[in-house]
Structure formats: C-alpha cells, structure tokens
Amino acid sequence: RLSADSALQSMVTSVFDFVPAQTAYPYLTIGEVEARSWDTTTTTGTDFRWSLSAFSRESGRAQATAILERAHQLLHRSNFSVTGYTLVLM
C-alpha cells in the first residue's frame with residue numbers, strides 16, 4: 001500500500017525495510033516489529049506492532065510529519081486481506 005500510493009511516492013524517494021547506502025532523502029522506513037500473544041482460553045491471536053520512520057534533510061519536522069501523516073492515512077483502519085487469519089484492527 002505504501003509503495004503503490006502516488007501521493008506518498010511523490011513525497012519520498014522510496015519506502016525501505018533496509019536502507020541502502022547513499023540513499024537520497026527523504027525516505028520512509030519500516031522499522032522494528034513487535035509481536036505479543038493475544039490468546040484467550042477459546043482463541044489464539046497475536047498483536048503485531050511495527051514502526052514507521054521518516055527521514056528528511058529539511059529543517060524542522062514539517063516534511064517528515066507530512067510523510068508520516070500520509071502513511072497513517074493509508075494504513076489506519078484500512079481493510080487488509082490476511083489469508084488464513086482475521087484482521088481485527090489496523
């Protein structure tokens with residue numbers, strides 16, 4: 001979703017989970033992923049949390065904040081298909 005969005009792509013050079021050396025700014029990274037068990041006595045579940053970071057060379061936070069706001073718009077409460085699982089909230 002992030003890499004396919006033209007508005008976000010116009011704001012960054014790319015979206016990475018590993019940033020190559022000499023990458024031009026600004027860019028967005030998918031960072032740490034944390035998984036916590038969300039099991040009950042009748043169901044199994046896992047709560048996954050991951051972080052996004054925006055990197056910019058501009059002064060202040062405006063550009064990085066705008067990038068993260070767009071990523072939030074794309075992901076928050078979106079309908080995702082997760083084969084074999086039930087997605088409760090994004």
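As the structure is a computational prediction, the values presented were derived from the model and not from experiment. Just so you know, these numbers use all the heavy atoms, side chains as well, and skip hydrogens, waters and symmetry mates.
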### Query
Is a donor on one side and an acceptor on the other found under 3.5 Å between the side chain of S37 and the backbone of T46?
no
### Query
When you measure from the side chain of T40 to the backbone N and O of T42, does any donor-acceptor pair fall under 3.5 Å?
yes
Could you give the side-chain donor-acceptor pairs of residues 60-68 under 3.5 Å, partners two or more places apart or in another chain?
unit_1: Q63; atom_1: OE1; unit_2: S56; atom_2: OG; d: 2.3
unit_1: T65; atom_1: OG1; unit_2: R61; atom_2: O; d: 2.8

#### Entry: Partners meeting salt bridge (charged side-chain N to carboxylate O under 4.0 Å, His left out) with E34 (sequence neighbours left out)
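Once residues adjacent in sequence are excluded, the partners of E34 under the salt bridge (charged side-chain N to carboxylate O under 4.0 Å, His left out) criterion are R36.
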### Message
Apply the hydrophobic cluster definition, ILVMFWY joined by side-chain contacts under 4.5 Å directly or through others, and give me every member besides Y25.
### Response
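Hydrophobic cluster check, Y25: joined to F16, V19, Y27, F55.
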### Task
Of all the heavy-atom pairs spanning Q9 and S14, show the shortest one and how long it is.
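Smallest interatomic distance, heavy atoms only, reads OE1-CA, 4.3 Å.
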### Message
So which atom in L74 and which in R1 form the shortest heavy-atom distance, rounded to 0.1 Å?
### Response
O-CD, 3.6 Å
### Message
Out of the candidates L52, L2, T29, only one should pair with V15 under the side-chain contact (heavy atoms from CB on, under 4.5 Å) rule; please name it.
### Response
L2
### Task
Kindly indicate, with the supporting measurements, whether the criterion side-chain contact (heavy atoms from CB on, under 4.5 Å) is fulfilled by H72 and E69.
CA-CA 5 Å; H72 182 265; E69 285 175 351; 5.5 Å; no
### Summary
One should read off an interatomic distance between L28 CG and M11 CE, to the nearest 0.5 angstrom, of 9.5 Å
